Amino acid sequence: MTVMTKTRARFNLKAAAPFVALFVLIALGAFVHPKFLTFDNLVQNVATRTSFIAIIAIGATFVMASGGLDLSVGSIAAFVAGVMLIYLKSGGPEAGVGMIALAIGLAILVGAACGLANGLITTVGKIEPFIVTLGTMVILRSLFTYLANGGSISISPDLKDIYAPVYSGTFVGVPIPVLTVLAVAAVAAFLLYRTVFGRHVIAVGSNEDVARYSGIAVNRVKLWTYIIQGICVGIAITLYVPRLGSANSATGLFWELQAITAVVIGGTLLKGGTGRIAGTVAGAFLLEVIGNILTLSNVNVYLIGAVQGTIIIIAMLVQRSLMRKS
Amino acid sequence: MTVMTKTRARFNLKAAAPFVALFVLIALGAFVHPKFLTFDNLVQNVATRTSFIAIIAIGATFVMASGGLDLSVGSIAAFVAGVMLIYLKSGGPEAGVGMIALAIGLAILVGAACGLANGLITTVGKIEPFIVTLGTMVILRSLFTYLANGGSISISPDLKDIYAPVYSGTFVGVPIPVLTVLAVAAVAAFLLYRTVFGRHVIAVGSNEDVARYSGIAVNRVKLWTYIIQGICVGIAITLYVPRLGSANSATGLFWELQAITAVVIGGTLLKGGTGRIAGTVAGAFLLEVIGNILTLSNVNVYLIGAVQGTIIIIAMLVQRSLMRKS
Amino acid sequence: MSGVGAQIPVVSCQNLSHRYGPVEVLSDISLDFYQGQIHAIIGENGAGKSTLMKILAGHLRPTSGILTFDGQQVTFSSPYQAEERGIVLVHQEILLAPHLTVAQNIFLGREIRRFLAVNDAEMNAKTVRVLKDLEADIAPDDLVENLSIAQRQLVQIARALLLPQRLVIFDEPTASLTPMETDALLKLIVKIKASGVAILYISHRLPEVKLVADRVSVLRDGKLVESRSAAGLEPVDMARMMVGRDMAQLYPEKILPLLRKMAMDVDGFTVPGFVDAASFRVGFGEIVGFAGLIGAGRTELFEGLARLRPSRGNASLKGIAFQSSPKAVMESGFVYLSEDRKGKGLLLSQPLGTNLTLAALEKFQVWRVIDRPKEAAALSQAFDDFDIRAKSSDMVAGQLSGGNQQKLFLAKMMLMTPDVIVIDEPTRGVDIGAKQQIYRFIAKLAEGGKAVVVISSEMPEIIGLCHRVYVMRSGRIVAEINQDSMDEESIVVHATGAVKAVFSAVCV
Amino acid sequence: EDQKLTVAVSIPAADHGWTGGVVYHATRAAKLLEAAHPGLKIIIKTSPDGASQASALEDLTTQGINALVVLPHNSDELTGPIKKVKSKGVFITVVDRALSDPTINDLYVAGNNPELGRVAGQYMKEKLGKADIVVIRGLPIVIDEERQKGFDDAIKGSDIKVLDKQFGNWSRDDAFKVMQDYLTKFAKIDAVWCQDDDMAVGVLEAIKQSKRTDVKLVIGGAGMKDMIKKVADGDAMMPVNVLYPPAMVASALEMTVSGLYDKVPVRGKYILDATLVTKENAKEFYFPDSPF
Ligand SMILES: Nc1ncnc2c1ncn2[C@@H]1O[C@H](COP(=O)(O)OP(=O)(O)OP(=O)(O)O)[C@@H](O)[C@H]1O
Ligand SMILES: Nc1ncnc2c1ncn2[C@@H]1O[C@H](COP(=O)(O)OP(=O)(O)OP(=O)(O)O)[C@@H](O)[C@H]1O
Ligand SMILES: [Mg+2]
Ligand SMILES: [Mg+2]
């Protein structure tokens with residue numbers, strides 16, 4: 001039949017929208033401070049510390065593409081960090097690389113379990129993910145505080161020094177957390193765009209009834225998106241713990257808002273049916289770049305929030321108007 | 001034909017669901033502490049302090065019924081409180097009742113203006129309310145901090161004593177804030193259920209395209225829901241200020257989550273198309289009762305959050321399964 | 001037909017063209033619509049009928065060309081403006097707010113008030129009256145989300161009828177109606193016409209067109225190919241004008257299966273609230289019809305079997321009890337095609353290829369990766385097999401014309417190569433040429449040894465296609481009619497429960 | 001001695017290191033005191049903000065209490081609510097933050113926030129003489145303001161130049177970010193003052209990772225055990241700490257209870273100094289079991 005296709009061109013502009021917003025911001029940053037546009041600042045500092053939110057936001061892309069929402073990621077992060085640190089402490093002074101490897105496995109497992117809990121309550125209990133994950137957000141933070149006895153949990157400086165390179169180290173010049181983000185994004189993109197599961201995620205997010213009538217196990221798909229979210233939080237935490245070697249009740253606070261914002265700025269719609277992995281990573285980076293620029297600039301400290309909020313809204317306006325144009 | 005209509009009966013059970021959950025909780029409370037079921041506790045204390053969230057949640061019911069979301073209510077609250085307190089302070093020592101009355105008007109006006117801003121950015125800018133109101137949430141809190149010069153804003157104890165009865169006073173035995181909630185709820189219920197505007201709010205939330213095709217000015221309707229939300233925050237703050245006579249950067253923190261939770265527990269769906277004013281008030285009360293029971297009970301301080309989250313999820317399960325049964 | 005010549009047309013369009021992006025879907029259309037005249041527009045799926053109607057009713061603005069109203073040039077920037085002048089469109093697609101009641105939907109945007117409040121009592125009363133005219137059994141305070149597709153269609157028609165009218169446009173109003181409602185609607189349309197209103201009528205049911213139309217215009221591929229008086233025009237002529245060639249026989253020859261191996265056996269199957277103890281069987285190679293009125297419970301019966309709704313009772317597929325999850329049922333070879341293609345059939349915001357392969361996606365993977373070339377090949381195959389007309393293959397499903405959506409949906413479910421296929425309203429909104437293709441396709445399935453169930457509200461379709469018919473009424477199977485005794489009257493008698501059918505010649 | 005008495009403790013929720021320490025010490029002291037006095041019941045309630053604390057006070061009063069030990073979120077906000085509790089005849093002990101109306105409290109165990117800032121500023125002035133420093137503040141609330149003011153007053157007129165002050169939200173992670181960006185922003189930083197030890201954790205890590213050698217001194221505050229240990233071990237970059245012990249709530253609770261039981265008039269004001277912890281006295285302030 002009449003097959004015309006300019007698919008490529010159109011899709012690319014849509015996908016490029018968050019990158020355009022990011023680019024404009026980076027150009028702005030170059031004016032604010034001469035050191036902004038250095039490898040040390042943009043990659044070694046900013047990109048590296050973006051890694052937690054970026055990885056969590058990649059998970060959130062799945063949840064949101066399927067029409068769900070997860071407000072509990074910050075608390076899952078704290079809880080996973082708590083469990084991981086307690087495990088590492090339990091090893092005493094001789095704990096070494098082997099134990100760290102096991103702890104990494106544990107973190108991912110605990111993250112997945114938290115995601116499983118969210119998914120089960122949402123699907124089996126048939127209640128809005130907003131409330132479910134608000135509930136687990138409160139619950140998990142409280143469990144962390146209980147584990148930490150109200151304070152913080154830290155590992156010994158020696159053990160921390162062994163583990164530290166996972167955050168501060170580089171491989172062929174690129175920080176390991178940045179590489180991790182790229183790897184997670186690649187796997188996620190493959191999963192979302194090239195597999196049956198990914199297609200089903202989009203289908204469930206576009207129209208749950210159609211998905212059900214097409215023989216898709218809707219609840220199973222949703223469940224898996226929450227598990228993936230949990231696994232991503234687990235991975236993020238395995239990068240977070242080596243940075244300071246400790247966690248306290250402020251760990252992960254407001255991460256859910258940052259992750260969701262990153263996903264939305266990246267071009268994924270909150271109502272489901274789309275998912276843009278690369279956009280999400282760009283969105284997470286964009287948020288961190290805004291923070292970086294503001295610290296480097298000389299805005300009144302009290303007004304930093306006002307500027308930040310305004311830039312986020314403007315970035316969204318740019319992004320969405322570009323997406324509509326395409 | 002066969003299977004038709006018990007619409008009336010159906011509606012009533014649906015509307016009753018949050019009240020059933022509330023009732024169960026109150027029964028539980030009666031076991032926890034003998035003083036729980038007293039007028040002093042349930043009405044004078046709990047119902048009275050529910051008033052802020054209840055009134056804000058009534059506004060949120062409009063926003064959510066139309067398919068929107070407002071995360072900025074907590075920051076609007078802080079900002080309005082800041083403006084109000086600064087105005088009251090400006091009066092110096094002779095400030096009296098007249099000035100308070102003007103301040104109340106000012107609070108409502110500023111609240112409405114904040115709502116207008118949210119509404120305009122959402123509708124004209126065509127971006128998701130989640131991001132818009134996240135942005136204004138950050139912006140307004142920062143503006144408050146700026147107004148407060150990083151600290152808190154308080155009025156003189158004398159002025160506070162004049163204003164205090166608005167929070168602590170009673171009329172025919174009923175606390176004034178409770179009466180205010182009832183009045184606001186009555187007006188809101190009339191607006192939502194009995195006027196053309198209310199009908200259009202539901203239509204926009206149910207299916208925006210249909211609303212547009214039916215000649216409804218969709219953007220105008222949405223704009224008004226945000227303005228109503230802002231006005232409700234303003235009213236809530238006129239009750240909040242006389243309670244503590246001061247505001248700081250923690251004022252209104254997390255109120256948005258409480259308000260949204262109250263609305264959802266009350267039976268309004270997040271995706272729009274329904275709105276239950278009475279349910280919302282019950283939902284707000286339910287949240288505060290949970291907090292009260294936990295304070296009266298002897299749960300480990302660190303685990304209070306865990307219990308609270310669990311109860312919220314269970315309340316939702318009860319509520320939603322009752323709603324489905326009907 | 002009143003004295004057309006001297007009169008000023010109510011609405012007229014001149015040299016109207018419309019494009020979606022680079023794709024021209026209407027070119028250079030000039031037509032006049034007069035009061036007291038029923039003007040039928042016919043054409044194949046995707047010919048541009050709905051697009052033209054949307055332009056007339058202010059939903060779309062034409063790329064070029066002019067519209068006049070009572071001889072004055074007008075431009076509508078919203079449907080509301082058109083409605084204010086009395087131009088009302090009954091959409092092909094259901095456009096109702098699901099959370100509002102029937103009466104609230106009917107008066108949406110033009111509520112009757114009393115002081116500050118809405119006057120629900122009066123709106124309900126008016127709703128009752130107009131629904132009665134339509135012979136629709138719907139209460140004014142029913143929520144629209146609880147109505148069936150057909151009932152929603154009636155509500156939509158009722159909404160249009162309550163407006164002050166100069167030109168009423170019906171875009172396939174009867175596609176989901178049964179003969180009874182169709183009959184009532186057509187009578188009503190004739191009545192409205194008599195009151196001096198201009199009427200535009202679009203339908204793929206050509207006998208209906210013959211029955212009511214005064215004038216017939218034919219669109220083909222966005223162009224007006226003919227516009228003439230309906231007098232003396234037979235359905236076969238119309239079909240020829242539409243497709244540009246002579247139509248062969250619509251229904252394929254019935255080939256009765258010799259060996260009746262049982263495909264499914266259902267005994268005392270209940271779908272609570274909808275179907276009560278249904279028992280029936282379907283053999284391989286058979287085409288079994290399910291007839292009944294709106295709300296008879298046919299849809300629910302098969303949704304129950306497909307485990308898409310709670311159900312209980314004995315049912316076996318190829319000798320084994322039905323599986324318990326929708327996915328497992330499908331994998332065991334039973335496929336149900338919903339009547340609600342927009343709500344349950346297609347992902348309107350997703351590309352055509354995604355939609356096509358969605359249900360059978362497992363077949364399109366190599367090493368757990370989706371094989372995109374294979375997917376693309378399947379799409380062009382489906383375009384050919386089902387004659388899907390899309391101006392470009394990177395459209396999303398929602399941009400296809402109604403009939404082409406139906407064809408894409410069929411193609412999607414057929415990719416699962418099922419053994420037992422239940423098709424709910426297989427040709428709803430499909431043009432006559434495509435109908436013929438679909439019937440051929442169904443017959444071929446049966447010849448190939450598959451078991452086919454056809455749920456249809458079009459009586460001729462049931463009779464022309466099926467080997468055997470079950471008739472449902474109020475949630476029960478009330479009759480089984482075999483090939484030899486199959487005629488409209490006997491079906492309608494069972495479906496309505498009337499002693500003798502009160503039945504006009506509408507659905508010949 | 002086994003007289004039935006109820007004492008309520010109302011404190012902020014454990015949402016960062018220092019408040020976590022407060023909750024820990026309150027809980028620990030409560031256990032010991034309950035063991036010592038069989039008839040004694042101590043109820044501890046934590047609240048995330050001023051308004052919730054006002055609510056918690058109402059609820060505690062409803063339960064019927066003999067004494068209240070309260071560490072208010074905010075003086076202005078809670079003066080009224082605490083006054084209401086007092087009006088029911090309850091013995092009031094205020095910890096750390098003075099109320100707007102000093103006549104309300106029977107006992108006041110005071111921390112001294114301006115002093116914490118002053119001691120840190122004083123030390124910096126004496127130690128460095130002339131220096132470019134950066135400051136990381138907490139959250140924009142009164143405590144932060146008071147500490148900052150004490151610090152600013154102490155360095156007034158000296159050659160200490162404050163390059164920048166931004167908020168680290170009393171969070172290790174946020175302080176880490178701010179410090180990283182400070183290091184990018186300023187080519188030379190001699191010293192860092194951050195308003196508490198939680199943030200110092202992030203600051204030290206950021207400096208360490210940057211491999212910069214210009215930062216010679218980091219001063220935190222509040223006496224977190226890890227930091228006290230550093231001081232005791234003679235850490236070059238962190239030679240001192242300014243004490244602001246969360247354990248003050250335990251002292252207040254002990255005094256209150258002994259006042260109730262022993263009928264010794266424990267009333268008045270006890271000010272805990274913001275002691276400068278040095279290598280010499282660090283051992284006195286090191287509690288390895290504390291969570292803070
Ligand atoms: N929003 C859109 N974007 C792009 N193309 C569209 C859009 N809507 C319709 N089209 C295309 O315009 C053409 C005409 O569609 P239209 O709906 O007018 O056909 P129709 O004659 O009503 O067909 P049917 O009988 O199937 O309802 C079709 O090719 C369709 O795919
Ligand atoms: N979601 C729903 N909730 C409650 N009742 C419903 C719902 N959907 C349909 N019904 C009712 O169920 C009955 C049967 O539905 P339906 O009209 O789909 O039957 P059917 O025999 O498939 O008819 P047809 O296929 O001709 O539309 C009707 O009375 C309808 O009002
Ligand atoms: Mg059409
Ligand atoms: Mg049906």
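All chains are named by letter (A, B, ...) in the order of the sequence lines, taking the proteins before the strands, and each is independently numbered beginning at 1. This structure is a prediction, so every number in the text was calculated from the model and none was measured. In what follows, every heavy atom counts, from backbone to side chain, and hydrogens, waters and symmetry copies are set aside.
Screening residues 178-214 of chain D for ring pair (Phe, Tyr, Trp, His ring centres under 6.0 Å) gives D:Phe151-D:Trp193 as the qualifying pairs, with residues at least two apart or on separate chains.
Nearest heavy-atom pair, A:Leu244 versus D:Phe176, reported as atom, atom and distance to 0.1 Å: CD2-CD1, 4.2 Å.
Residues forming a side chain to side chain contact (heavy atoms under 4.5 Å, CB included) with A:Ala78 (at least two apart in sequence, or on another chain): A:Arg141, A:Phe144, A:Thr251.
Within 6.0 Å of CZ in A:Phe23 there are 12 or fewer heavy atoms belonging to other residues, nucleotides or ligands.
Chain A forms more heavy-atom pairs under 4.5 Å with one residue of D:Asp181, D:Val201, D:Thr27 than with any other, namely D:Asp181.
Taking 4.5 Å as the heavy-atom cut-off, the residues of residues 205-217 of chain D that approach chain A are D:Glu205, D:Lys208, D:Gln209, ordered by number. Contacts between residues 158-174 of chain A and chain D, counted as heavy-atom pairs separated by less than 4.5 Å, involve A:Lys160, A:Asp161, A:Tyr167, A:Ser168.
Only the side chain of A:Ile304 comes within less than 4.5 Å of a heavy atom of chain D; its backbone N, CA, C and O stay farther away. Contacts between D:Asp226 and chain A at a heavy-atom distance below 4.5 Å involve the side chain alone, from C-beta outward. If you measure heavy-atom distances from A:Leu294 to chain D, the contacts under 4.5 Å come from the backbone alone. Proximity to chain D is absent for every atom of A:Thr38, based on heavy atoms less than 4.5 angstrom apart.
Separation of atoms OG1 (D:Thr184) and CG (A:Asn41) is listed at 4.5 Å; rounding is to 0.5 Å. Summarising the geometry, atom CG belonging to D:Asp198 is positioned 8.0 Å from atom OG belonging to A:Ser246; distances are rounded to the nearest 0.5 Å. In this structure, CG in D:Leu183 is found 8.0 Å from CG in A:Asn45, a value given to the nearest 0.5 Å.
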I'd like to know whether D:Gln166 forms a side-chain contact (heavy atoms from CB on, under 4.5 Å) with A:Thr295, so could you lay out the CA-CA distance, the side-chain angles of the two residues, the decisive distance to 0.1 Å, and finally the verdict. CA-CA 8 Å; D:Gln166 300 205 23; A:Thr295 318; 3.6 Å; yes
Any chance you could lay out the side-chain contact (heavy atoms from CB on, under 4.5 Å) test for D:Lys177 and A:Glu288, step after step, and finish with the verdict? CA-CA 10 Å; D:Lys177 281 187 200 177; A:Glu288 200 65 52; 3.2 Å; yes
One pair to check against salt bridge (charged side-chain N to carboxylate O under 4.0 Å, His left out): D:Asp173 and A:Arg49. What are the steps and the verdict? CA-CA 10 Å; D:Asp173 297 317; A:Arg49 69 194 191 215; over 6 Å; no
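In summary, the side chains of A:Asn298 and D:Lys185 do present a donor paired with an acceptor at a separation below 3.5 Å, with no hydrogens or angles considered.
Side-chain contact between A:Asn248 and D:Arg172 is present, with heavy atoms from C-beta onward closer than 4.5 Å.
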